[in-house]
Participant: 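Would you mind keeping the following structure in view while I ask a few things?
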Amino acid sequence: MSIPVISLDTDWHQAQNCSLPSELAPWILEPASLTARLKRHCGHFRVQVLNEQRTALPVFLQPLLPNTLQAQLREVILWCDDKPCVYGQSWLPEKTVNALRPLADMGERPLGDYIFQQSGLQRGSIEVTQLQLTLPDAGSALCYTRRSVFRLNDLPLLVAEAFLPAMAELKAFA
Ligand SMILES: C=C(O[C@@H]1C=C(C(=O)O)C=C[C@H]1O)C(=O)O
């Protein structure tokens, strides 16, 4: 089994039970598309795909994506202008990708631009943790990270997003 660039196997907490830094809280709690919010804060938005592969679902994710043996792992960095702002790690179960074929080949199109256009999208609760991340082009830092399970026509997928230090350089957080 290929190992993801970043392991998110750690303790997660419901966001409403966490004290969050005031400037990041609106981002961590954002229920709509993070892509759309980032696009409102920069002139040029870009998705850098670090890794996209079909792999076995790690054991620590099985409670979130039950009955899922294989999934498509997608790891990206979301860039605002010349700033690496978010590391995204998504797990798309095989049954979800087979039913929603665009998910199989997103490439540099942001996942959010697709899933938030689908009617019947449901988002589960937002969990939060802090992770020491070391990323190409972004160095190493302790980053607030969130994750939630989405359902599209009851087909699940998990999206995790780590907020990188460059978030502090975005125009006024709003
Ligand atoms: C779920 C979203 O999609 C974003 C885009 C991602 C991608 O292209 O892999 C990953 C994480 C998200 O920040 C969103 O915009 O909220």
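In listed order, ligands and their atoms are each counted from 1.
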Participant: Does this structure show an ion pair linking E94 with R54, if we count only N-O contacts that are shorter than 4.0 Å?
Facilitator: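 So E94 pairs with R54 through a salt bridge.
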Participant: Give the minimum heavy-atom separation between Q14 and C18, together with the two atoms involved.
Facilitator: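 Looks like O-SG, 3.4 Å.
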Participant: Considering non-hydrogen atoms of the protein only, which is the closest contact for atom 9 (O) of ligand 1, and what is the distance?
Facilitator: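 Here the nearest protein heavy atom works out to R74 NE, 2.7 Å.
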Participant: Would you indicate which of L111, T35, I115, D113 comes nearest to atom 6 (C) of ligand 1 when only heavy atoms are counted?
Facilitator: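 Checking each option, the heavy atom nearest atom 6 (C) of ligand 1 is found in L111.
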Participant: Numbering the atoms of ligand 1 from 1, which are under 4.0 Å from a heavy atom of L78?
Facilitator: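 Under 4.0 Å from L78, ligand 1 has these atoms: 13 (O).
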Participant: If only side-chain N and O atoms count, and only distance matters, is there a donor-acceptor pair under 3.5 Å linking S148 with R123?
Facilitator: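 Indeed, the side chains of R123 and S148 share at least one donor-acceptor pair under 3.5 Å.
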Participant: Report the C-alpha separation of Q132 and S140 in whole Å, then their side-chain angles, then the decisive distance to 0.1 Å, and conclude whether the side chain to side chain donor-acceptor pair (under 3.5 Å) test is met.
Facilitator: CA-CA 7 Å; Q132 187 70 33; S140 178; 3.0 Å; yes
Participant: For atom 13 (O) of ligand 1, what's the nearest protein heavy-atom neighbour? Residue, atom name and distance, please.
Facilitator: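 For atom 13 (O) of ligand 1, the nearest protein heavy atom comes out as E161 OE2, 2.7 Å.
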Participant: Does any N/O atom on V86 come nearer than 3.5 Å to any N/O atom on ligand 1?
Facilitator: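 Min N/O separation from ligand 1 is not below 3.5 Å for V86.
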Participant: May I ask you to identify the nearest protein heavy atom to atom 3 (O) of ligand 1, giving residue, atom name and distance to one decimal place in Å?
Facilitator: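 Its nearest protein heavy-atom neighbour is G112 N, 2.9 Å.
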Participant: Less than 4.0 angstrom from a charged side-chain N to a carboxylate O is my criterion; do D82 and R46 meet it?
Facilitator: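 A salt bridge is absent here (no side-chain N lies under 4.0 Å from a carboxylate O).
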Participant: Does the pair K83/E169 count as a salt bridge with the N-to-O cut at 4.0 Å?
Facilitator: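 No.
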Participant: Under 4.0 Å from a heavy atom of P110: give me the atoms of ligand 1 that qualify, with their elements.
Facilitator: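 Selected atoms, number and element: 8 (O).
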Participant: What part of L34, side chain, backbone, both or neither, has a heavy atom within less than 4.0 angstrom of ligand 1?
Facilitator: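 Both backbone and side chain.
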Participant: At less than 4.0 angstrom from any non-hydrogen atom of F116, what atoms of ligand 1 do you find?
Facilitator: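 Close to F116: 14 (C), 16 (O).
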Participant: Got a sec: does the CG of L69 have more than 12 other heavy atoms crowding it under 6.0 Å?
Facilitator: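 Atom CG in L69 is not crowded, with 12 or fewer foreign heavy atoms closer than 6.0 Å.
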